[in-house]
Amino acid sequence: MTNNEQHNQDIDEIKEIAGYLWERGWAERNGGNISLRLKAWDGETRNELIPLKDIPENLANAILYISGTGCRMRDLARAPFKYGAVIKISNDTTGYHFLECGQGEKNVKPTMEIGSHLELQSKMIADNPEYRAVLHTHPIELICLTHHPELSKDPARLRTMLWSTMPESRVFVPRGAEITKYAIPGGAELSKLTGAALHNFDVILWEKHGALGTGRNIVEAFDFIDVANKSATIILKCMAAGYWPEGLSQDNLAEMERILVNKC
Ligand code: 2HA
Ligand code: ZN
């Protein structure tokens, strides 16, 4: 695939996924944000350097699509360059330049969660450079579970419960979900907690806030969260029907790990 074909596919996928986030009620007002590392971009570099602190060094010259702060996913689904931007991190990592933004209007300021996105993008370059996408969204049922007084304090139990709702959850969220304790949106603590969880998990739940997924592309990042949210929905529906879900057994889960996980 040429760079151009790859860009077109990446941007089409961002539009598609932004539309799903809105349709599902996971993206009220400006809820959620997206970043995706691009291999190259043909647009002109605007000379002005926008300073930004704490950019990891291995992001020097990285090119990213990033959604804009205050921008609605339902708008981004129609006009990804009006409500998001392509930025290039400067060589000395003191800031970034715009390559594409605002369709002739004033620059779109990147999402307030840019710190978390850059932290994760940096770790992905170091550990698993095939991973290019970071998606943060507000999936209703997963957020409900992060309010559960016991489950929210017991990540291993929550992870196993999500896995045990249906076989697909164990198979298609192979590294499972982690939950990080509440930290203020857009803050350095949230970036740090998220960065620490990235190595081992497919979905990171932000207590009483939302979820974050990573993947080789934005569709993959969405799918991890989507499958986990289906599991959360099953748990809540069982509870609403008046019983605690029995869940697949430890033997069932172990059998799937042996036979299916990382094989489909
Ligand atoms: O971008 O979701 O966490 C808006 C948010 C902040
Ligand atoms: Zn959020």
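Order of appearance sets the numbers: ligands from 1, and atoms from 1 within every ligand.
Taking the charged nitrogens against the carboxylate oxygens, E141 and R24 have no contact shorter than 4.0 Å, which rules out a salt bridge. Salt-bridge annotation for E207 and K153: present, with a side-chain N of the basic residue lying under 4.0 Å from a carboxylate O of the acidic one. A salt bridge is absent between E119 and K192: the closest approach of a Lys/Arg side-chain nitrogen to an acidic carboxylate oxygen does not fall below 4.0 angstrom.
Side-chain contact annotation: S122 with N58, donor-acceptor N/O pair under 3.5 Å present. A side-chain donor from one of D92 and T94 sits under 3.5 Å from a side-chain acceptor of the other.
Considering only residues two or more places apart in sequence or on other chains, R29 meets the salt bridge (charged side-chain N to carboxylate O under 4.0 Å, His left out) condition with none of them. Checked against salt bridge (charged side-chain N to carboxylate O under 4.0 Å, His left out), K39 has no partners two or more places apart in sequence or in another chain.
Put simply, the residue from H7, E5, Q6, E13 that forms a side chain to side chain donor-acceptor pair (under 3.5 Å) with Q9 is E13.
Within 4.0 Å of ligand 1, protein heavy atoms belong to N30, G31, G32, N33, M112, E113, H136, H138, H209, listed by chain and number.
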Mind running ring-ring contact (aromatic ring centres under 6.0 Å, His included) on F98 and Y96 for me, showing each step along the way? CA-CA 7 Å; F98 281 101; Y96 60 87; 5.6 Å; yes
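Protein N/O/S atoms closer to the Zn ion (ligand 2) than 2.8 Å number 3 in this structure.
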